[in-house]
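Contents: one structure, followed by commentary.
As a basis for the values below, the full set of heavy atoms in this structure was taken, side chains included, without hydrogen atoms, waters or symmetry mates. Just so we're on the same page: letters track the sequence lines, and every chain starts at 1.
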Number of protein chains: 2
Amino acid sequence: MARPTTPLLSRELVLRTALDLLDRTGELGLPRLARELDVSTSSLYHHFKGGREEVVEGIRGLLSADGMPVSVLPGEDWREFTRRWARQYRAAFAAHPAAVPLLTAQTVSHPATLASYEALADVLHDAGFGDEELLHAVTVLDCFVLGSALDAGAPVQVWADSGREDSRLSRAIRATRAQPGDRSERAFLLGLESLLTGLERLRGSA
Amino acid sequence: MARPTTPLLSRELVLRTALDLLDRTGELGLPRLARELDVSTSSLYHHFKGGREEVVEGIRGLLSADGMPVSVLPGEDWREFTRRWARQYRAAFAAHPAAVPLLTAQTVSHPATLASYEALADVLHDAGFGDEELLHAVTVLDCFVLGSALDAGAPVQVWADSGREDSRLSRAIRATRAQPGDRSERAFLLGLESLLTGLERLRGSA
DNA sequence: ACCTGAACACCGTTCAAGT
DNA sequence: ACCTGAACACCGTTCAAGT
């Protein structure tokens with residue numbers, strides 16, 4: 001066939017298919033992805049010169065572009081914005097658990113993701129955070145969100161439950177009947193509030 | 001040569017070499033690892049029937065076994081123990097940044113790691129945490145430590161700095177002159193204190 | 001510009017063969 | 001039990017050839 005009159009691929013199509021493949025199989029292989037698209041593996045390199053890494057980064061963009069808050073709503077303070085930012089960030093990851101290890105293994109470079117961090121930084125700055133405090137705040141939130149995203153896909157509860165039956169942890173798990181996914185999210189919300197309170201104190205100390 | 005009179009390999013030797021390889025090259029390939037050990041690739045499977053996954057899990061054990069607190073020191077309260085637990089956990093990971101993405105991509109099953117979580121759970125229980133609160137506490141701490149371990153290897157600061165020069169984040173980074181590694185640790189300690197305070201409130205509400 | 005097919009250097013894993 | 005060498009089914013990436 002060689003060059004078709006109308007392109008068979010587009011970045012968008014490749015990325016959507018890649019994310020779907022990841023969701024269904026838990027893995028992302030370029031040959032497998034190309035098969036899914038009815039195309040030869042080398043075709044992918046015409047749209048992603050950076051190869052596999054660029055595909056993964058594109059997936060990050062997909063998740064960042066859709067729904068991440070970019071500015072404060074009317075009447076919203078920094079606490080509310082930050083809560084929204086963190087919840088949306090985690091939710092985007094939690095919806096695609098298999099993508100998370102791939103994303104955390106690779107440096108962030110996608111503009112949409114960078115933009116969402118910039119938005120957070122701007123809001124914190126306007127709220128009175130100094131440069132030092134601002135960096136700490138962004139780092140702390142980033143760490144907790146990423147860790148929680150990993151936990152959303154592979155909850156502590158699941159592997160802890162396979163330990164000794166008479167252990168404290170196993171007994172605690174049996175004593176409560178919430179689903180691992182629910183518990184993961186509840187713990188996230190709880191930790192987030194603690195961090196927001198801590199950051200408020202940090203802001204005051206500036 | 002076939003079977004040597006004295007074994008060429010041991011789990012310990014393989015794991016130490018694997019961790020060293022990971023530290024030096026940032027990657028862990030079984031053929032590469034075998035070459036490092038002057039042995040054929042298939043030899044590794046005699047000591048790790050679970051293959052690559054078991055090797056990675058063994059590395060987790062190496063990091064967990066060495067220095068993780070297992071019981072409270074005299075006069076130590078739950079807060080101090082938990083602080084020590086989290087700091088040691090993160091430090092073990094931060095010392096081997098390339099191992100972190102491998103470890104977070106794979107379910108925990110190593111007894112030494114499970115034991116360190118059990119130890120934390122026991123201390124929290126003795127401090128009066130109920131089953132529900134205990135699980136939340138362990139989850140929150142796990143999330144934050146893992147996220148911070150990722151950040152220790154690939155700090156937010158590094159990739160954020162490659163954004164627009166006039167952005168708030170880039171300006172904040174330039175305005176402060178701490179090293180990314182230092183900042184990562186400082187942010188961790190700051191967030192940890194916030195979480196400890198939050199968990200204290202959780203404990204009280206039981 | 002965009003797709004193909006072949007080629008290359010890698011993987012991880014299995015297994016019969018040797019001591 | 002422990003090591004080897006060959007074999008298998010995969011990877012990711014490159015590149016000349018075709019339209």
Of the options [options], whose atoms approach the side-chain atoms of [X] most closely?
X	options	result
A:Tyr45	D:dT4, C:dG5, D:dT13	D:dT13
B:Pro31	D:dT13, C:dT13, C:dG12	C:dG12
B:Pro7	D:dT4, C:dC3, D:dC3	D:dC3

Can you tell me the distance, in whole Å, between the [atom1] atom of [X] and the [atom2] atom of [N]?
X	N	atom1	atom2	result
A:Phe48	D:dG12	CZ	C1'	15 Å
A:Arg52	C:dC10	CZ	P	18 Å
A:Arg32	C:dC11	CZ	P	24 Å
A:Leu30	C:dC10	CG	P	19 Å
B:Leu44	C:dC11	CG	P	12 Å
A:Glu27	D:dC11	CD	C1'	11 Å
B:Gln106	C:dG12	CD	P	13 Å
A:Leu28	D:dC10	CG	P	16 Å

With B:Trp85 via ring pair (Phe, Tyr, Trp, His ring centres under 6.0 Å) - residues at least two apart:
B:Tyr89, B:Tyr117
If every non-hydrogen atom of A:Ala152 is compared with every non-hydrogen atom of A:Ala94, which pair is closest and at what distance?
CB-CB, 3.8 Å
5'-most contact on DNA chain D (nearest-nucleotide basis), A:Arg35 vs A:His46, goes to A:Arg35
Calculate, to the nearest 0.5 Å, the distance between atoms [atom1] and [atom2] belonging to [X] and [Y] respectively.
X	Y	atom1	atom2	value
A:Asp20	A:Arg24	CG	CZ	4.5 Å
B:Leu63	B:Thr113	CG	OG1	8.0 Å
A:Arg32	A:Arg35	CZ	CZ	6.0 Å

Under-4.0 Å side-chain N/O to phosphate OP1/OP2 contact, [X] with [N]:
X	N	answer
B:Ser43	D:dT4	yes
B:Arg3	D:dA1	no
A:His47	C:dC3	yes

Counting distance alone, no hydrogens or angles: does the base of D:dG12 have a donor or acceptor under 3.5 Å from a partner atom on the side chain of A:Thr41?
no
Look at the rings of B:Phe144 and A:Phe144 and say which category their plane angle falls in: under 30° parallel, 30 to 60° tilted, over 60° perpendicular.
tilted
Residues A:Asp77, A:Arg79: salt bridge by 4.0 Å N-O rule:
no
So what does A:Leu37 hit on the nucleic acid, given a heavy-atom distance under 4.0 Å: a base, only sugar-phosphate, or nothing?
nothing
Encoded 5' to 3' (Watson-Crick or G-U under 3.5 Å; [ ] crossing; | other strand), DNA chain D becomes ||.|||||...|||||.||
